[in-house]
Structures are given as C-alpha cells and as structure tokens.
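One-based numbering along the sequence shown.
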Amino acid sequence: MTERKPRKDAARNREAVLAAADALFARRDSPEDVTMADIAAAAGVGKGTLFRAFGDRPGLLRALYEARLRPVGEAVETGPPPLGPATPPQQRVPALLDAVLCFKLDNRGLMLALEEGGGSSPYQAEHYERWHGLLRAVLEQIPGLTGGDFTAHALLSATRADLVEHLAGEERVPRERMRAQLADFTARVLGSGPLQGLNAED
C-alpha cells in the first residue's frame, strides 16, 4: 500500500499540470506568455515537480498534445470511417486533414507553442512525422497519384498552426469556411491524377 500513494500523487499532479497548462494556453493571447512558473502556480505544484514529470517546456507541450489528441488518434487507428483504416483512401485523406485542422482550431495556443518552440525543424518533430507518414501511406494507396511524400507535405502545409492562427485570428475566417476551403483544395489535388511537378522521377 505504501508504494501506491506516490504513484497516485504523481498521476494526480500530472493531470493537474496538464489541465492548468491547457487552460493557460487557451486563455493567453500568445503561447510565449505561458511560462513553466505560470503552469506550476496554476496547478498548485512546485517547479521541481513540473520539471521532474516533464523534463522541460517542450516535454510538457508534447505531453499535453498527446493527451488532447488521444480521441483523434484512436479514431484514426481503430475507428470507423471516415477516419478509420477501412475508409477508401480518397475519402480518408480529406477526413484526416479536416481532423488536423479542427484539432488545431480547437487548440490554437498549444499548437503554436508546439510548432514554433521546438528549437529545430518542425518537419522533424515527432508529431509532424507521424501525420506525414500516415498521410503519405494513404496517398500511396490512390491509383495514379505519384509523389505521395511531397504531396503529403504540401497538403499538411495548409494546416500549419501559424497559418491557422493567421486565418482564424487576424483574418477572422469562420471555422466552417476554413474547413470547406481545405476540403476544396484537397479535392483538387486528389482529382488531378499524377501531379505535375510532384513526381520524383521528373
């Protein structure tokens, strides 16, 4: 019994930290305004607890991202259409991109912090590589479409967090219009057959 209490406390502290970070990123105008000290204070834990649990700010961001993404990830891995693996590829590609866009719209501050604060190329980040790999694999199932690797990068560029923030925040593009525009863009890419300039053999 004595061994379980620290584990329960650690789990409780972790959930408190993630909830506090989530609320702060949603409330602040800029993700850079959210510090580890702010999160520790809001969660009611010491900074040492925060760093022991997550290592550093990027580690905390990744943990929060994974926690928030879990329902989407489960739908993609084992769920029914249109996100699940049984979906025909030409239907699954736009559904995956729509899920990415909606997630970023729902988590604008978190995603800005995650994509801008990694200190290295965003294309090497684990979360990006995961989405790119999945999208590329689905694209490669579409007959006649070549250059899946580059096409996956090009399609994902339309969901970059800084672009989403610009459109939603500065240009005030309504959510449903953004979704419709992304769906139209994706349909035109997928409907063009072998894409000029995207074929690795060219």
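- Taking 4.5 Å as the limit, some side-chain heavy atom of Asp106 sits within range of a side-chain heavy atom of Arg175.
- The distance from the CG atom of Leu139 to the CG atom of Leu190 is 6.5 Å, given to the nearest 0.5 Å.
- Atom CD in Gln90 sits 12.0 Å away from atom OG1 in Thr186 (nearest 0.5 Å).
- In this structure the side chain of Leu18 never reaches within 4.5 angstrom of the side chain of Arg68, judged on heavy atoms.
- Distance CD/Glu176 to CD/Gln181: 11.5 Å, rounded to 0.5 Å.
- Residues Glu129 and Arg136 are not paired through a salt bridge, judged by the lack of any N-O separation under 4.0 Å between the basic side chain and the carboxylate.
- Minimum interatomic distance between Arg172 and Gly169 (heavy atoms only, all atoms of both residues): CG-O, 3.7 Å.
- Screening residues 23-48 for ring pair (Phe, Tyr, Trp, His ring centres under 6.0 Å) gives no qualifying pairs among residues at least two apart or on separate chains.
- A donor-acceptor pair is defined here as one N or O able to donate and one able to accept, closer than 3.5 Å; such a pair exists between the side chain of Asp56 and the backbone of Gly59.
- Ion pair Arg70/Glu66 not flagged as a salt bridge, since none of the NZ, NE, NH1 or NH2 atoms sits closer than 4.0 Å to an Asp/Glu carboxylate oxygen.
- Contact annotation: the side chain of Pro94 never approaches that of Asp98 to less than 4.5 Å [non-hydrogen atoms, C-beta and beyond].
- Of the residues Asp184, Leu97, Leu101, the one that meets the side-chain contact (heavy atoms from CB on, under 4.5 Å) test with Arg179 is Leu101.
- Proximity of a side-chain donor or acceptor of Arg92 to a complementary backbone N or O of Leu83 within less than 3.5 Å is detected.
- Within a 6.0 Å sphere centred on CD of Glu171, other residues, nucleotides and ligands contribute more than 12 heavy atoms.
- Atoms CZ and CG, from Arg14 and Leu50 in turn, are 10.5 Å apart once rounded to the nearest 0.5 Å.
- Ring centroid separation for the pair Phe150 and His132 does not come in under the 6.0 Å cut-off.
- Taking the side chain as every heavy atom from C-beta outward, Leu114 and Pro31 never approach each other to under 4.5 Å.
- Side-chain contact check for Glu115 versus Lys104: some heavy-atom pair is nearer than 4.5 Å.
- Formation of a donor-acceptor pair under 3.5 Å by the Thr78 side chain with backbone atoms of Glu74 is found in this model.
- Considering CD of Glu165 and CZ of Arg108, their distance stands at 4.0 Å, rounded to 0.5 Å.
- Without hydrogens or angle criteria, Asp22 side chain to Ala19 main chain gives no donor-acceptor distance under 3.5 Å.
- Considering OG1 of Thr151 and CD of Glu140, their distance stands at 9.5 Å, rounded to 0.5 Å.
- Under the 30°/60° scheme for interplanar angles, the aromatic rings of His153 and Tyr128 are found to lie parallel.
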Under 3.5 Å, which donor-acceptor pairs do the side chains of residues 154-164 form with other protein atoms, sequence neighbours left out?
residue, atom, partner, partner atom, Å
Ser157, OG, Ala154, O, 2.5
Thr159, OG1, Leu156, O, 2.8
Arg160, NE, Asp162, OD1, 3.0
Arg160, NH2, Asp162, OD2, 2.9

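- For residues 62-81, the pairs satisfying ring pair (Phe, Tyr, Trp, His ring centres under 6.0 Å) are Tyr65-Phe103, Tyr65-His127, with sequence neighbours left out.
- The two residues Gly79 and Pro85 have their closest heavy-atom pair at O-CD, 3.8 Å.
- Minimum heavy-atom separation, Leu60 to Ala21: CD2-CB, 4.5 Å.
- At least one side-chain heavy atom of Arg130 sits under 4.5 Å from a side-chain heavy atom of Leu69.
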